[in-house]
Trainee: 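Take this structure, written in structure tokens, and hold onto it; I'll ask about it next.
Quick caveat: nothing in here was measured; it's all calculated off a predicted structure. Order of the sequence lines fixes the chain letters, A, B, ..., with proteins taken first and strands second; residue numbering starts at 1 for each chain.
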Amino acid sequence: MSEKSLNFIEHIIEEDLANGLEKDKLRFRFPPEPNGYLHIGHTKAIGISFGLGLKYKAPVNLRFDDTNPAKEEQEYVDAIKRDIKWLGYQWANELYSSDYFQQLYDWAILLIKEGKAYVDSQSSEAMAEQKGTPTQPGVDGPYRNRSVEENLDLFNRMKHGEFEEGSHVLRAKIDMQHPNMLMRDPLMYRILKKAHHRTGTDWCIYPMYDWTHGESDYIEQISHSLCSLEFKPHRELYDWFKEQVYKYQPEALPMLPKQREFARLNLSYTIMSKRKLLKLVEEGIVSGWDDPRMPTISGLRRRGYTPNAIRKFVETVGVAKRDNVIDVALLEFCIREDLNKTAPRVMAVLDPVKVVITNYPEDKVEWLEAENNPEDEQAGSREVPFSRELYIEKADFKEAAGNKFFRLKLGGEVRLKNAYIIQANHVVKDANGEITEIHCTYSEDTSKKVKGTLHWVSIKHALKAEVREYDRLFMDEAPDSHQDKDFMDFLNPNSLKVVEAFVEPSLQDAKIGDRFQFQRLGYFNVDTDATSEKIIFNKTVGLRDTWAKQTPKLKQPTPQNAPKPQQQRKAISVIQQLGKKYTNYPEDKQAKVKAEILELAKQVTYDELEPLFGTAVKKVGTRIAAVLILKVMLDTGLERNEAINEFIEKAKTDTNQLLVDEASNL
RNA sequence: UGGCCUAUGGUGUAACUGGCAACACGUCUGAUUUUGGUUCAGAAGAGUCUAGGUUCGAGCCCUAGUAGGCCAACCA
């Protein structure tokens with residue numbers, strides 16, 4: 001059994017188990033708000049909680065956090081359930097926070113009676129002002145000390161709809177001076193005269209997140225409530241509410257859930273905010289939540305991603321507490337890895353040029369055997385038609401090219417996949433000089449060694465198909481991380497390219513969702529828009545292409561190389577970095593680095609330098625760097641002092657010759 | 001002018017206090033190949049944010065910094 005190393009959450013659980021928590025008390029939950037579609041970021045949270053459920057054979061509840069009737073809709077509930085199921089996870093119970101409205105209300109009454117909650121009747125502006133700021137404490141509001149009787153009366157009338165929205169709220173009475181702003185008398189209830197997707201018009205007060213979420217965990221006796229990092233400050237409040245409520249029924253509900261937070265998933269070149277994704281949908285930038293360019297589960301599904309690949313992906317990214325940006329290349333690796341093993345191979349030409357095989361009889365057709373998947377012996381084979389006139393990719397032919405070009409060129413030979421070897425003899429061009437036909441001759445000897453193999457389709461047998469090729473939606477690595485620019489500024493105008501392609505006839509019967517590898521091109525699946533008349537493919541992902549990397553791309557000035565989302569580093573820290581490895585470099589590189597350090601040194605102040613004098617003896621490189629900086633400073637008029645002299649003397653007696661040399665130079 | 005969290009190759013995650021640090025992606029070689037795919041073999045790349053300290057020994061413990069993130073919705 002291969003012991004995979006545990007992530008920090010698993011460590012916590014193991015520790016709890018070791019401290020006496022019974023294994024069958026473990027219980028998790030995934031708590032989406034039904035106000036949008038699930039995206040790849042949620043998959044991490046899903047993978048964590050459901051994964052833990054699988055690992056410990058513990059139940060995982062699907063609980064919709066539906067406390068805001070203004071935003072939540074049944075459509076989203078359905079979509080979320082569909083997506084989780086599609087990913088292959090099973091929840092123990094389908095639950096709703098709204099199921100607990102009555103219980104929550106009853107507990108709120110008890111809290112009021114204890115003097116732990118009160119009705120505030122100010123405007124939200126007034127309350128916000130009293131709340132202070134992160135750096136300034138808040139002050140008590142005028143209604144903070146209402147009597148229990150008055151609070152009870154008011155809260156009761158709130159519930160019965162006697163007041164307008166915004167006129168009163170129920171707040172927990174904690175501490176307006178608390179350093180954690182969430183503890184400054186947080187709201188528990190607001191008046192909302194809106195119909196709820198489940199409770200209809202039963203309620204006109206609705207509980208807030210903090211009050212609802214923790215208590216829902218508690219009611220369900222969740223052992224570990226896992227959420228993303230931004231809820232860390234909420235934990236204190238989560239615990240406060242939990243402790244208040246616990247004393248009302250410690251025997252019936254003994255488990256106090258534990259909230260722990262992990263860093264959410266970020267993917268390079270994409271956005272993950274539901275609000276922003278909604279904007280793309282609403283503004284028609286994409287065709288809907290399931291547009292294949294969207295990072296939603298439904299978008300990825302339509303694009304051709306498999307549940308397997310997505311699960312593997314979230315497993316691979318790991319779980320920790322630091323902010324991260326995952327390279328989309330990892331996601332692409334996961335889907336290629338899966339599809340390589342499972343997708344049947346077919347031939348399709350996306351950008352055709354005609355090939356005429358002049359020594360092949362006009363009417364002859366041969367059906368040649370083609371392997372369905374070299375990675376899967378069970379996959380069997382099919383037959384593809386070969387005839388005199390074929391299409392190959394334009395990019396697979398050049399009139400003249402060097403010998404690193406393995407494809408077809410005039411006078412050169414190339415193998416046609418599953419068929420013969422052909423030689424290009426001459427080309428026919430139109431008035432614009434565009435090649436319209438490539439005339440070739442074929443040879444039936446297929447045993448010959450030739451470097452290149454091309455895919456092709458027989459023109460008269462080929463099916464026309466629409467192919468939708470996608471590129472990233474955004475051209476920036478982190479489109480929503482720029483304070484001065486809107487994420488919409490980075491939209492890629494060429495994220496969708498529709499081409500008319502020619503595919504082999506076996507694809508006639510392909511059904512919606514079917515996945516294929518178009519040989520040498522990539523993985524494609526049949527889009528939901530396909531009809532019996534018109535077949536439509538989505539490009540899921542291209543094959544790895546080491547050839548494309550070598551050919552200098554004449555594309556747009558690669559935005560990838562543009563300034564990283566890092567801020568300018570201080571010269572001193574750059575020098576330290578350079579210095580560290582100084583002694584490891586060969587001489588020429590050493591000279592280069594030295595020049596760089598001397599240049600940077602001009603921006604360093606003496607105050608920044610002095611701490612480096614104490615650098616540990618073994619860090620020779622850093623000390624050399626310090627000597628170099630010092631040299632620049634002395635040259636520009638710095639007066640020697642005791643610290644400097646001491647440092648120089650110490651350097652001169654070092655065992656490292658480089659250091660001694662530099663120090664002696666001073 | 002406060003509280004909380006985080007810091008390990010380009011990226012993401014590991015490392016029971018004990019060997020100048022492991023795995024995956026990415027990058028680069030080479031071999032194989034009727035997919036410039038796959039597979040296989042290999043390489044480069046990290047003094048673990050900085051400076052002190054404790055220790056025979058520190059990525060891990062202590063102190064002080066630095067940098068980044070989160071917190072002021074009747075949202076979740």
Trainee: Is A:Phe405 touching bases, backbone alone, or none of the nucleic acid, heavy atoms closer than 4.0 Å?
Mentor: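 Base contact - A:Phe405 has a heavy atom under 4.0 Å of at least one base atom.
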
Trainee: Give A:Asn418 one of three labels, base, sugar-phosphate or nothing, depending on what nucleic acid heavy atoms sit under 4.0 Å from its own.
Mentor: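 Base contact - A:Asn418 has a heavy atom under 4.0 Å of at least one base atom.
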
Trainee: State which residues pass side-chain contact (heavy atoms from CB on, under 4.5 Å) with A:Ala419; sequence neighbours excluded, sorted by chain then number.
Mentor: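 side-chain contact (heavy atoms from CB on, under 4.5 Å) list for A:Ala419, sorted by chain: A:Leu368, A:Phe386, A:Leu416, A:Trp456.
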
Trainee: With a cut-off of less than 4.0 Å, is there a side-chain N or O of A:Arg190 near OP1 or OP2 of B:A76?
Mentor: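 Affirmative; the distance criterion is met.
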
Trainee: Quick check: closest heavy atoms across A:Ala263 and A:Lys321, and the distance to 0.1 Å?
Mentor: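 Looks like CB-C, 3.9 Å.
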
Trainee: Nearest to the side chain of A:Lys232, which nucleotide is it out of B:G36, B:C5, B:U13?
Mentor: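 Looking only at heavy atoms from C-beta outward on A:Lys232, the closest nucleotide is B:C5.
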
Trainee: Would you mind classifying the nucleic acid contact of A:Glu33 as base, sugar-phosphate or nothing, using non-hydrogen atoms under 4.0 angstrom?
Mentor: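 The answer is sugar-phosphate, as A:Glu33 gets under 4.0 Å only of primed atoms, P, OP1 or OP2.
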
Trainee: Between B:G36, B:G12, B:C74, spot the one nearest the side chain of A:Val317, thanks.
Mentor: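 The listed nucleotide nearest to A:Val317's side chain is B:G12.
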
Trainee: How far does the P atom of B:C62 sit from the matching atom of B:C16, given to the nearest Å?
Mentor: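 Going atom to atom, P in each nucleotide, I get 16 Å.
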
Trainee: Nearest to the A:Pro233 side chain among B:C5, B:C75, B:C71, which nucleotide is it?
Mentor: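 The answer is B:C71, which lies nearest to the side chain.
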
Trainee: Could you go through A:Asp323 and A:Arg264, starting from their C-alpha distance and side-chain angles, then the distance that decides it, and tell me whether this counts as salt bridge (charged side-chain N to carboxylate O under 4.0 Å, His left out)?
Mentor: CA-CA 7 Å; A:Asp323 293 328; A:Arg264 63 197 310 163; over 6 Å; no

Trainee: Who does B:C61 pair with, Watson-Crick or G-U, both distances under 3.5 Å?
Mentor: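 The answer is B:G53, by the H-bond criterion.
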
Trainee: Of the nucleotides B:U35, B:U33, B:C75, which one has an atom closest to the side chain of A:Lys71?
Mentor: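 Taking heavy atoms from C-beta onward, the closest nucleotide is B:C75.
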
Trainee: Is the NZ or CZ atom of A:Lys159 positioned over A:Tyr105's six-membered ring, under 6.0 angstrom from the centre and within 45° of the axis?
Mentor: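 Yes.
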
Trainee: Does the side chain of A:Lys321 get closer than 4.0 angstrom to OP1 or OP2 of B:U6 through an N or O atom?
Mentor: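 Looking at the OP1 and OP2 atoms of B:U6, one of them is under 4.0 Å from a side-chain N or O of A:Lys321.
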
Trainee: Between the side chains of A:Arg190 and A:Glu165, is the shortest nitrogen-to-carboxylate-oxygen separation below 4.0 Å, so that they form an ion pair?
Mentor: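 No.
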
Trainee: Atom CZ of A:Arg184 to atom C1' of B:C74: distance rounded to whole Å?
Mentor: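 Spelled out: CZ on A:Arg184 to C1' on B:C74 is 18 Å.
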
Trainee: Tell me what A:His178 touches on the nucleic acid: a base, only sugar-phosphate, or nothing, going by heavy atoms under 4.0 Å.
Mentor: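 No contact.
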
Trainee: If we take the P atom in both B:G26 and B:G12, what is their distance in whole Å?
Mentor: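 Those two atoms are separated by 15 Å.
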
Trainee: Out of B:G36, B:G2, B:C74, which has the shortest distance to the side chain of A:Phe406?
Mentor: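 Between B:G36, B:G2, B:C74, the one nearest the side chain of A:Phe406 would be B:G36.
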
Trainee: Rounded to the nearest angstrom, tell me the gap between atom CG in A:Asp175 and atom P in B:A72.
Mentor: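 These atoms are roughly 18 Å apart.
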
Trainee: Tell me the salt bridge (charged side-chain N to carboxylate O under 4.0 Å, His left out) pairs involving residues 176-188 of chain A, sequence neighbours left out?
Mentor: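 Every salt bridge (charged side-chain N to carboxylate O under 4.0 Å, His left out) pair that includes a residue of residues 176-188 of chain A, provided the two are not neighbours, is A:Arg144-A:Asp185.
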
Trainee: Under 4.0 Å between any heavy atoms, over every strand shown, what does A:Val319 touch: base, sugar-phosphate, or nothing? Just pick one.
Mentor: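 Sugar-phosphate, backbone atoms only, no base.
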
Trainee: Mind checking salt bridge (charged side-chain N to carboxylate O under 4.0 Å, His left out) for A:Arg311 and listing every partner two or more places apart, or none if nothing turns up?
Mentor: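 For A:Arg311 there are no salt bridge (charged side-chain N to carboxylate O under 4.0 Å, His left out) partners, ignoring immediate neighbours.
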
Trainee: Quick check on RNA chain B: between A:Gln136 and A:Arg345, whose nearest nucleotide comes earlier from the 5' end?
Mentor: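 Its nearest nucleotide being more 5', the pick is A:Gln136.
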
Trainee: For residues 34-41 of chain A, run the donor-acceptor check on the side chains, cut-off 3.5 Å, and write out each pair with its distance to 0.1 Å, sequence neighbours left out.
Mentor:
| residue | atom | partner | partner atom | Å |
| --- | --- | --- | --- | --- |
| A:Asn35 | OD1 | A:Lys274 | NZ | 2.6 |
| A:Asn35 | ND2 | A:Glu33 | OE1 | 3.0 |
| A:Tyr37 | OH | A:Glu75 | OE2 | 2.8 |
| A:His39 | ND1 | A:Gly41 | N | 2.9 |
| A:His39 | ND1 | A:His42 | N | 3.4 |
| A:His39 | NE2 | A:Met272 | O | 2.8 |

Trainee: Could you let me know what B:C23 is paired to, Watson-Crick or G-U wobble, both distances under 3.5 Å, or none if it's on its own?
Mentor: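 B:C23 is paired, partner B:G12.
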
Trainee: If you check every side-chain atom of A:Phe231, which of B:C5, B:G12, B:A76 has the closest atom?
Mentor: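 That would be B:A76.
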
Trainee: Rounded to the nearest Å, what distance is computed from the NE2 atom of residue A:His213 to the P atom of nucleotide B:A73?
Mentor: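 A:His213 atom NE2 is separated from B:A73 atom P by 21 Å.
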
Trainee: Indicate, with a heavy-atom threshold strictly under 4.0 Å, whether A:Met208 touches base, sugar-phosphate, or nothing.
Mentor: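 Sugar-phosphate: the residue A:Met208, judged by heavy atoms under 4.0 Å, touches backbone atoms but no base.
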
Trainee: Assign A:His11 to base, sugar-phosphate, or nothing according to its heavy-atom contacts below 4.0 angstrom with the strands shown.
Mentor: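 Sugar-phosphate contact only - A:His11 comes under 4.0 Å of backbone atoms but never of a base.
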
Trainee: Of all the choices, B:A72, B:U34, B:C74, which nucleotide is nearest to the side chain of A:Thr133 once you look at every atom?
Mentor: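 The answer is B:A72, which lies nearest to the side chain.
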
Trainee: Over all strands shown, is A:Leu543 touching base, sugar-phosphate only, or nothing at heavy-atom distances under 4.0 angstrom?
Mentor: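 Base contact - A:Leu543 has a heavy atom under 4.0 Å of at least one base atom.
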
Trainee: Ignoring the backbone of A:Met181, work out which of B:C71, B:A14, B:U35 is nearest its side chain.
Mentor: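 Closest nucleotide to the A:Met181 side chain: B:C71.
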
Trainee: Counting only Watson-Crick pairs (N1-N3 plus N6-O4 or O6-N4) and G-U wobbles (N1-O2, O6-N3), all under 3.5 Å, who is the partner of B:U39?
Mentor: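 By the stated definition (distances under 3.5 Å), B:A31 pairs with B:U39.
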
Trainee: Produce the list of close N/O pairs, under 3.5 Å, pairing protein atoms with atoms of nucleotides 23-31 of chain B; give distances to one decimal.
Mentor:
| residue | atom | partner | partner atom | Å |
| --- | --- | --- | --- | --- |
| B:U27 | OP1 | A:Lys549 | NZ | 2.4 |

Trainee: Choosing from B:U34, B:U13, B:G37, which nucleotide comes nearest the side chain of A:Arg415?
Mentor: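 In terms of side-chain proximity for A:Arg415, the closest of B:U34, B:U13, B:G37 is B:U34.
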
Trainee: On the six-membered ring of A:Tyr523, is A:Lys539 placed so that its NZ or CZ lies under 6.0 angstrom from the centre and within 45° of the ring axis?
Mentor: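 Judged by the rule (NZ or CZ under 6.0 Å from the ring centre, within 45° of its axis), A:Lys539 is not positioned above A:Tyr523.
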
Trainee: For A:Glu230 and for A:Asn68, find the nucleotide of RNA chain B with the closest heavy atom, then tell me which residue's nucleotide is more 5'.
Mentor: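 Nearest-nucleotide comparison on RNA chain B picks A:Glu230.
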
Trainee: Of the listed nucleotides (B:U13, B:U35, B:A15), which one gets closest to any side-chain atom of A:Thr453?
Mentor: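 Ranking B:U13, B:U35, B:A15 by closest atom to the A:Thr453 side chain puts B:U35 first.
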
Trainee: What is the nucleic acid contact for A:Glu236, judged by heavy atoms within less than 4.0 Å: base, sugar-phosphate only, or nothing?
Mentor: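 Nothing, no nucleic acid heavy atom in range.
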
Trainee: Using a 4.0 Å heavy-atom cut-off across all strands, classify A:Pro137 as base, sugar-phosphate, or nothing.
Mentor: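 Contact class for A:Pro137: none.
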
Trainee: Holding to side-chain contact (heavy atoms from CB on, under 4.5 Å), I want the full list of residues that pass it with A:Gln177, two or more places apart in sequence or in another chain.
Mentor: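 For A:Gln177, the residues satisfying side-chain contact (heavy atoms from CB on, under 4.5 Å) (neighbours in sequence not counted) are A:Pro137, A:Asp140, A:Asp175.
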
Trainee: Can you pull the salt bridge (charged side-chain N to carboxylate O under 4.0 Å, His left out) pairs that have at least one residue in residues 119-129 of chain A, sequence neighbours excluded?
Mentor: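 Every salt bridge (charged side-chain N to carboxylate O under 4.0 Å, His left out) pair that includes a residue of residues 119-129 of chain A, provided the two are not neighbours, is A:Asp120-A:Arg171.
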
Trainee: Is there a residue in residues 35-45 of chain A whose heavy atoms reach under 4.0 Å of RNA chain B, and which residues are they?
Mentor: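 Nucleic-acid contacts, sorted: none.
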
Trainee: According to salt bridge (charged side-chain N to carboxylate O under 4.0 Å, His left out), does anything in residues 368-377 of chain A pair up with another residue at least two apart or in another chain? List the pairs.
Mentor: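 Checked against salt bridge (charged side-chain N to carboxylate O under 4.0 Å, His left out) - neighbours excluded - no pair reaches residues 368-377 of chain A.
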
